[in-house]
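Below is one structure, written out as structure tokens, with a few remarks after it.
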Amino acid sequence: MLYGAIEAGGTKFNLGVGDAKGNVVKQLAIPTRNPEETMNEVMAFFAGFPITSLGLGCFGPLELNETSPHYGFITTTPKKEWVSYDILGTLKRYLGIPIAMNTDVGAAALGEITFGAFQSEQTLLYLTIGTGIGGGYVINGQIHTGLLHPEIGHIHINRQPEDVHPTNCRYHENCLEGLAAGPAIESRTGLSGDQVPDDHPVFTLVADYIGQALATCILVVSPTKIVLGGGVMKRTFLYPLIRQSTLTHLNGYLETEALQHMDTYIVPPSLGSQSGIVGCLALARSAECLQ
Ligand code: ZN
């Protein structure tokens, strides 16, 4: 049995074919162009494989309410050509197989808890911190959705008093993504991401804001494991700074074993950059019972 996987990101689409155990047998990354060109490449890739179902982890925001006439649409993305695009319906029409869909970060969270090092966890929160910031939460084997899906990148942050730099979010003056994602780091320093030195004070600020957001997440959904991925987190010195900042913002309120072992509580992805694509395989496996 072969499954298809699409990790649809704003800059690239990661396409994969694999099995029920999360083994990827073929993988291809293509640049995200306009919907028509991108979908033509997607179809050309899958034409060579007898896949029986597909998992789609997509950039958003998305409409994931199955009762909505816009179920499976990308909604208000800054990528203009993809606004209100029916990505799920298009794939279903082309492929004619069951498809399960969630956010790209939801898929990454599912990948880590299904096929990664965290299979014994009840719950897992995955945050990607890169060009944007997104979060996915898995509870009892399911990616959490509700009204729409979590948008952890846009939760409120209390700025440090001296921080008056303009936000990078067009919706919020004080949200995590606007203050701490890759573009915020670049605009704060005037340097391209790779050129910012590790000892630049911007990282102390960023770690404080991420820790603040994680403290909020811990208080709201009580995750048993927190995984931080994305381009910004390739700076591995950020992990200890963020762990400390999280504890500072919790300020001793919660007493539990995990918080005494922060190096195993807030961790890098165990699957590296493969969390998303194998998460899409897990979605594809769940899609077999659809339709
Ligand atoms: Zn925002």
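Whatever order the structure lists ligands and atoms in, that order sets their numbers, starting from 1.
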Here the salt bridge (Lys or Arg N to Asp or Glu O under 4.0 Å) pairs for residues 212-230, sequence neighbours left out, are Glu121-Lys225
Can Thr32 and Thr38 be counted as having a side-chain donor-acceptor contact under 3.5 angstrom?
no
Ion pair present between Arg235 and Asp198, side-chain N to carboxylate O less than 4.0 angstrom?
yes
Within the 4.5 Å heavy-atom criterion, are Met39 and Tyr85 side-chain neighbours or not?
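Touching, per the 4.5 Å side-chain cut-off.
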Close side-chain approach of Pro269 to Glu112, heavy-atom, < 4.5 Å
yes
Pick one: which of Leu228, Ile152, Ile218 meets side-chain contact (heavy atoms from CB on, under 4.5 Å) with Leu125?
Ile152
Within less than 2.8 Å of the Zn ion (ligand 1), the count of protein N, O or S atoms comes to 4
